[in-house]
> 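Before I ask anything, here is the structure I am working with.
Quick note: numbers below take in every heavy atom, side chains included, and nothing from hydrogens, waters or symmetry partners.
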Amino acid sequence: PDATSHEATVTVEVTADNSIVDVRNERSYNMGAVSSLRLKSFQHHLLLAFDSEPMSGLTVLSARLRATPNAHRLERVTVSTVQAPWGEGGSQGFGESEGGSTYLHARHSSDPATAESWAWPGSVFTDVVYGNSFSLTGESSSEVQGGTYVWEVPPALIEAVAVGAAFGLAVYESEHDVSRNPTVFSKESASPPYLEVELGPPVAAPGAPSGLRDRGDLAERGEAVLE
């Protein structure tokens, strides 16, 4: 839509995806190049990045995440913003991938000294999602339409992605049955996940700050007072 659009529904494509593995001895694994991604209770989390350009400068009225099931039904999910940049990786199965995201690192490296943490040294994936690190969350039941899951996502989460305040979405299965392996098709498949977003009027740009004044003790630290 252009800057004069007041209501339009757009498809927002996934640009990177992965399944984060939180299982002992598998936390360094990446699944960035597989055709279907596991989404299983607390053990496997879906990680998605998007092309935010179609949403730039516009209000988000509503949003739905669509994903095509491959195996086993998901009844309910939690969706969260991701508060750190991450790498998709190129593993075509359960394995390590240079530069790929894992539970332990935003970008894995065979040299531990160059691996990128999710936040502070020693932090893990769950430190930047599900309410941690100022991440935003929402919950949705799994409605199925035309063979795809439809998960409602609160507009605030999508707006955070659109303005670069978040680096995609994480999806967590709210059920705790680890006896089966639910999967959804990835962007590498013929049925990739995507966002369906209803957009509203342009967001007004904030005005320039005014009323700034120096205060000696703050100025020395590079700070100021805004009144």
> Got a salt bridge between R180 and E175, using NZ or NE/NH1/NH2 to carboxylate O under 4.0 Å?
no

> Is it true that a side-chain atom of T81 and a backbone atom of L157 form a donor plus acceptor pair closer than 3.5 Å?
no

> Quick test of your reading: applying ring pair (Phe, Tyr, Trp, His ring centres under 6.0 Å), list the pairs with at least one residue in residues 140-165, sequence neighbours left out, ordered by first then second residue.
Y149-W151

> Tell me whether S140 contacts the main-chain N or O of E152 through its side chain, where contact means a donor paired with an acceptor under 3.5 Å.
yes

> Could you give me the CA-CA distance, side-chain angles and deciding distance for S19 and Y29, then say whether side-chain hydrogen bond (donor to acceptor under 3.5 Å, both in side chains) is met?
CA-CA 9 Å; S19 180; Y29 287 177; over 6 Å; no

> Should P182 and L74 count as side-chain neighbours, where that means a heavy-atom distance under 4.5 Å?
yes

> Could you tell me if the side chain of M31 sits less than 4.5 Å from the side chain of S91, heavy atoms only?
no

> Is there side-chain contact between I20 and Y103, with heavy atoms separated by less than 4.5 Å?
yes

> Does CZ belonging to F94 count more than 12 external heavy atoms closer than 6.0 Å?
yes

> State whether the side chain of S186 and the backbone N or O of S35 hold a donor-acceptor pair below 3.5 Å, judged by distance alone.
yes

> Taking only residues two or more places apart in sequence, or in another chain, which ones meet E26 in a side chain to side chain donor-acceptor pair (under 3.5 Å)?
none

> Would R66 and T148 satisfy side-chain hydrogen bond (donor to acceptor under 3.5 Å, both in side chains), going step by step from the backbone distance to the final call?
CA-CA 6 Å; R66 290 181 174 265; T148 67; 3.3 Å; yes

> Report the relative orientation of the aromatic rings in Y130 and F125; use parallel for angles under 30°, tilted for 30 to 60°, perpendicular for over 60°.
perpendicular

> Test your reading of the model: is there a side-chain donor-acceptor pair from N30 to the backbone of N18, 3.5 Å cut-off?
no

